[in-house]
Amino acid sequence: MKIDMDKNYDPKKVESGLENKWIEGGYFKAGKDEEALKKPRFSLIVPPPNVTGKLHIGHAKDNTEQDIIARYKRLRGYDVLFLPAMDHAGIATQAKVEEKIRAEGLDKYQLGREGFLKRAWEWKDEYAASIHRQWEAMGLSLDFSRERFTLDDGMQHAVAHVFKALYDKGLIYQADRIINWDPVLRTALSNIEVVHKDIPGKFYYFKYRLEGDPETYLTVATTRPETMFGDTALVYNPKDERFKKYANRRFINPANGQPLPLIADRYVDMEFGTGVMKCTPAHDPNDFLIGQRHHLDMPVVMNPDATMNELCGKYAGMDRFACREALVAAIEAQGDLIKIENITHNVGHSERTDSIIEPYLCKQWFVRMKPLAEAVDRIQHSRARTRFFPPRFAKTFQRWLDTTEDWCISRQLWWGHRIPVYTDRQTGEVICSETPLDPARYEQDPDVLDTWFSSGLAPFAFMGWPDDLSLMKRYYPLDVMVTGYDIIFFWVARMAFDGVHFTGEMPFKDVVLHGLIRDSQGRKMSKSLGNGIDPFDVINRYGCDAMRWALSSQGAPGLDLNIGESNFKTASEFVNKVWNASRYVLSQLPEGYEPRELNLANLSFASTWLLSRLNRCILGYQRNMDKYEQGQAAKYLSDFLWDDFCGSYLEWSKVELANADEAGKALVYDTLYHALSSLLQMLFPFCPFISETIYSYLPGHLSSLFDAGFPKVIPGLSPAKIARGTKLRDMIAYVRNFKSENGLAPNESVDLVFKCTRAEFDQLAPLVSRFAFARKVDRVAADAPGMRFFLNVGLLVDAADKEALAKKIAERIEKLESEIARSERMLANENFVKRANPKVVENERKKLESNRAELARYRSLGH
RNA sequence: GGAAGUUUAGCUCAGCUGGUUAGAGCAUCUCCUUUACACGGAGAGGGCCAGGGGUUCGAAUCCCUUAACUUCCACCA
């Protein structure tokens, strides 16, 4: 058949235009027609990327995995909803936009809230467009007609609705609490937005002198002297005999000369430090609790930007760390510094700005998590539970359910969902409203919500909830959620409790967690290391198919994956192999070839063998895809392609095509065609571009592989024919091995002699002789010296070096003897025969038998 | 301080519910341009499956333990 496939595979040429063809063909659209609606549904969403920048290789991995599932399910006959979305990423985006504005010499306060938001939306539009281009370049089969944004109108309503519902139930409340304050962004953060790092610090020991008796003092240590302006007490453990005598006495705060009461509280660890600690209720979560128990004052001593406030005397206006230094110097000067110890301690940093978090007392909004988590917990202990892949992540998730604390949801930012709580300017009445209230009369809370408050609603709100439930009716809950294990707490957990609370069920049936992408040395990718990989760059150099294959065909579920140049190179070699094999098959098919039913009865043993390997591949592929083990599925595919199809059958088929009659040739064409089209169907989810392109060259192709479905296993293949194929493979391997070990070039001519039946000889000889470069091939009636045996076939290669051959055979005999001894031992073991799986025992028997037979033949030849 | 993961060939990793002689890719070495592919093909070398116990007829696989590394969680001043 004449084909216009290029001799060399060019990914750019292959990949261009296909995404549009699929989109225009409606292949990505969920429920596109009556017929689609009759199919079972399958749904998943893209974890919304932040509109802060370009997608990185981690996104590519995540999205590729999702897309492979989506395409696979379509081939398996599902109507798939694969919904795209992006996240406004409150803090991250605001930080970027602020940075940009600063670069222009402005600050956000000059622009004002409205002006700033305008700039933020411009930013969003720009980055959303770029993310869009990347999605398309990655070949994602997203239903773009249903794209969502976490700050779009529908989401605005969903968020207000959810807030009000939780507020009305008392599950959202406002309170003064110690929260994590990011002094750079000047906003509160939730606990999980704080990263704890071990950093070097100092432990300062100060004298707190007894009021009225300056010679008596208590030694108190602190790591944060600047907070001493907020101290309202000294605390010791009530069981600690050392300090009981000072109960109710007061000690002088060396920072400001104020007297502090000495109080007793169980919290203090007698073994730690000096046994006495200072209590700063407004700047430390534990001190806050102590302060509450003892009704202490709770003065805040810092401004929102972490400079000291007016309570700090001459230090007012100073940065917290400058103040620390100055204050320590002053205390030392007044003779109250005892010592400074260098220590390493664990300090919270802002995930976004990396600034040191200031625990800070202020009024914020919180979600009461306990009842919400308990509801999820109940479902996770019932049959309706969500399954985790790999299962160990269910434990991680469970830990969150067990330990989660109230979630601080208010952020002192502008970019985000405004808190729907209003105060009547006249009456001071506070109202939570789903719809905006008249700004003339009501003043809205200035804060916005944590980004995750909205993304937690994704599974149902992206489907139109609460306004239009039609999409949700068909596609909710999601069949699978694929994401990185690093956002189990951030996102998966929140979707879970929102889903359970608002829809009564878990929002996804399966959760598949994958690892992080690291560089070839296993290091995390980061800007500072400069080891990041741009998916666009990979696509430009190797093509999208190669990138997808590299990202999906290796690694195990839930484990981090190291990716480097060599992985992409290897992947592109695989794709190239597909191209060449296909080109060959298509060139062999006769002009006007029409696909037809396989005639199994007349099929040659080689073809039958290939189909048996194909069956194995289909089953292995399917089994692994169904449990989200794409790497394993890909392994089946590449093994089949490389070893069985290209390595063996394509070569064998050349001989068959040269020797067979017309009917025989036709059967080979059928096999080639069938194997290739099945291969393309299975490859399609992984490498959609090349498989679709090649498919379009196949005779009798449909308009897309999407229409071709999934290959079926062929039943009823003759075991005898399959066995002959295996035998052929072994024989060829033997001759090649023989040559290599005897220093003969692979294409060196040799003489071969077979001892087998006439029929077997006629079938095997032409094939073996071609791949062995045999000068002549004969059949003998009896075993001959120097003969090697394969099951019931003997093979004699004319040995240039008789000694080497004899040695080879001697080795073989030794091997056989030890194998026979081992089998005999096992079979003599009553326990083995009695307890082992009968199939295993049977196999062992067969093996023993054939080994004995082979050994007997060598013996009969005098070896 | 808790919890999870990892430890298999020089490197990066597979090995699913225990069952022949533990695999792949890359790298190394030998050889081969045979009309799909040198981005190819044929072969070779290389592993006490981290150490130690245990369960079992049988363990890389299950259990216990030790060690190293990684990650997550955690309010010890």
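Protein chains get the first letters and strands the later ones, always in sequence-line order, with residue 1 at the start of each.
- Between B:C31 and B:C13, the two P atoms lie 33 Å apart (nearest whole Å).
- Aromatic ring pairs are classed by plane angle as parallel below 30°, tilted from 30° to 60° and perpendicular above 60°; the pair A:Y485 and A:F393 is parallel.
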Report, one pair per line, the protein and nucleotides 28-33 of chain B atoms (nitrogen or oxygen only) whose separation is under 3.5 Å.
| unit_1 | atom_1 | unit_2 | atom_2 | d |
| --- | --- | --- | --- | --- |
| B:C32 | O3' | A:N747 | ND2 | 3.2 |

| message | Test side chain to side chain contact (heavy atoms under 4.5 Å, CB included) on A:K847 and A:R852; report intermediate values, then the result. | response | CA-CA 8 Å; A:K847 198 176 72 185; A:R852 275 179 175 156; over 6 Å; no

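- A salt bridge is absent between A:D10 and A:K12; no separation between the charged side-chain nitrogens and carboxylate oxygens falls under 4.0 Å.
- For the C1' atoms, the distance from B:U17 to B:C69 is 29 Å, rounded to whole Å.
- For the pair A:K654 and B:A36, the criterion of a side-chain N or O lying under 4.0 Å from OP1 or OP2 is met.
- Closest to the side chain of A:E573, out of B:C39, B:G19, B:U34, is B:C39.
- Considering only the side chain of A:R518, B:U71 comes nearest among B:A44, B:U71, B:C16.
- The pair A:R320-A:E226 does not count as a salt bridge, with every side-chain nitrogen at least 4.0 angstrom from each carboxylate oxygen.
- One atom, CG of A:D284, and another, P of B:A74, lie 15 Å apart when rounded to the nearest Å.
- A:E565 and A:Y542 share a side-chain donor-acceptor pair at under 3.5 Å.
- A distance of about 28 Å separates the P atoms of B:C72 and B:C16, rounded to the whole Å.
- A salt bridge does not link A:E849 to A:R845: none of the charged side-chain nitrogens sits closer than 4.0 Å to a carboxylate oxygen.
- At a non-hydrogen distance threshold of 4.0 Å, A:Y267, A:V268, A:D269, A:F272 from residues 262-274 of chain A come into contact with RNA chain B.
- As rounded to the nearest Å, B:A67 and B:C76 have C1' atoms that lie 29 Å from one another.
- Residues from residues 194-204 of chain A placing a heavy atom under 4.0 Å of any atom in RNA chain B do not occur.
- Inspection of the A:Q630 and A:S552 side chains reveals no N or O donor paired with an N or O acceptor under 3.5 Å.
- Atom CD of A:Q632 and atom C1' of B:U17 are 14 Å apart (whole Å).
- Nucleotides B:U61 and B:U20 are separated by 16 Å at their C1' atoms, to the nearest Å.
- For the C1' atom pair drawn from B:U34 and B:A42, the interatomic distance equals 12 Å after rounding to whole Å.
- Taking every side-chain heavy atom of A:N624 into account, B:C16 is the closest of B:C75, B:C16, B:G19.
- When each of B:G19, B:G25, B:G41 is scored by its nearest atom to the side-chain atoms of A:V840, the top-ranked nucleotide is B:G19.
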| said: Let me check I have this right: for RNA chain B, each base becomes ., (, ), [, ] or |, based on Watson-Crick or G-U pairs with both distances under 3.5 Å. What is the full string? | reply: (((((((..((((.....[...)))).(((((.......))))).....(((((..]....))))))))))))....

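- For the C1' atom pair drawn from B:G10 and B:G45, the interatomic distance equals 12 Å after rounding to whole Å.
- When only modelled atom types and interatomic distance are considered, A:H345 and A:D198 share no side-chain donor-acceptor pair under 3.5 Å.
- Atoms CG (A:D643) and C1' (B:G25) sit 12 Å apart, rounded to a whole Å.
- Side-chain N/O atoms of A:W579 include none lying less than 4.0 angstrom from OP1 or OP2 on B:C39.
- Both tests hold for A:R494 against A:W407: distance to the six-membered ring centre under 6.0 Å, angle to the ring axis within 45°.
- Set against B:A36, B:A44, B:A77, the side chain of A:N737 has B:A44 as its closest nucleotide.
- Rounded to whole Å, atom P of B:A36 lies 9 Å from atom CZ of A:R583.
- Put simply, the side chain of A:E651 and the base of B:A36 share a donor and an acceptor less than 3.5 Å apart.
- Ion pairing between A:K202 and A:E341 fails under the 4.0 Å rule for side-chain N and carboxylate O.
- In this structure, the nucleotide among B:A14, B:A36, B:A4 sitting nearest to the side chain of A:A556 is B:A14.
- The interatomic distance linking A:F773 (CZ) with B:G43 (P) rounds to 13 Å, in whole Å.
- Between A:L561 atom CG and B:U6 atom C1' the separation is 15 Å, expressed in whole Å.
- Across the protein-nucleic acid pair, A:F832 atom CZ and B:A59 atom C1' stand 15 Å apart, rounded to whole Å.
- Residue pairs meeting the salt bridge (charged side-chain N to carboxylate O under 4.0 Å, His left out) criterion with at least one partner in residues 267-279 of chain A, sequence neighbours excluded, are A:D231-A:K278.
- Here B:G19 is the nucleotide among B:A4, B:C37, B:G19 with the atom lying nearest to any side-chain atom of A:A836.
- A cation-pi arrangement is present between A:K654 and A:Y584, with the terminal nitrogen or guanidinium carbon under 6.0 Å from the aromatic centre and inside a 45° cone about the axis.
- Residues A:Y636 and A:Y621 place their aromatic rings such that the two centres sit no closer than 6.0 Å.
- Atom C1' of B:A68 sits at a distance of 42 Å from the matching atom of B:G41, rounded to the whole Å.
- Between the side chains of A:E193 and A:S190, at least one donor N or O sits under 3.5 Å from an acceptor N or O.
- Considering only the side chain of A:L559, B:G5 comes nearest among B:A36, B:G5, B:A77.
- Because its NZ or CZ atom is not both nearer than 6.0 Å to the ring centre of A:F640 and within 45° of the ring axis, A:R616 does not count as a cation-pi partner of that residue.
- For B:C39, neither phosphate oxygen OP1 nor OP2 lies less than 4.0 angstrom from any side-chain nitrogen or oxygen of A:K569.
- Remark: aromatic rings of A:Y205 and A:F203 are close, center separation under 6.0 Å.
- At distances below 3.5 Å, not a single donor-acceptor pair connects side-chain atoms of A:E656 with backbone N or O atoms of A:W652.
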Any protein N or O atoms within reach of nucleotides 21-24 of chain B? Criterion: under 3.5 Å, listing atom names and distances.
| unit_1 | atom_1 | unit_2 | atom_2 | d |
| --- | --- | --- | --- | --- |
| B:U21 | OP1 | A:R822 | NE | 2.7 |
| B:U21 | OP1 | A:R822 | NH1 | 3.4 |

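- Using a cutoff of 4.0 Å between basic side-chain nitrogens and carboxylate oxygens, A:R729 and A:D643 are not scored as salt-bridged.
- A donor-acceptor contact closer than 3.5 angstrom links the side chains of A:D510 and A:Y628.
- A straight line from CZ of A:R736 to C1' of B:G43 spans 10 Å, rounded to a whole angstrom.
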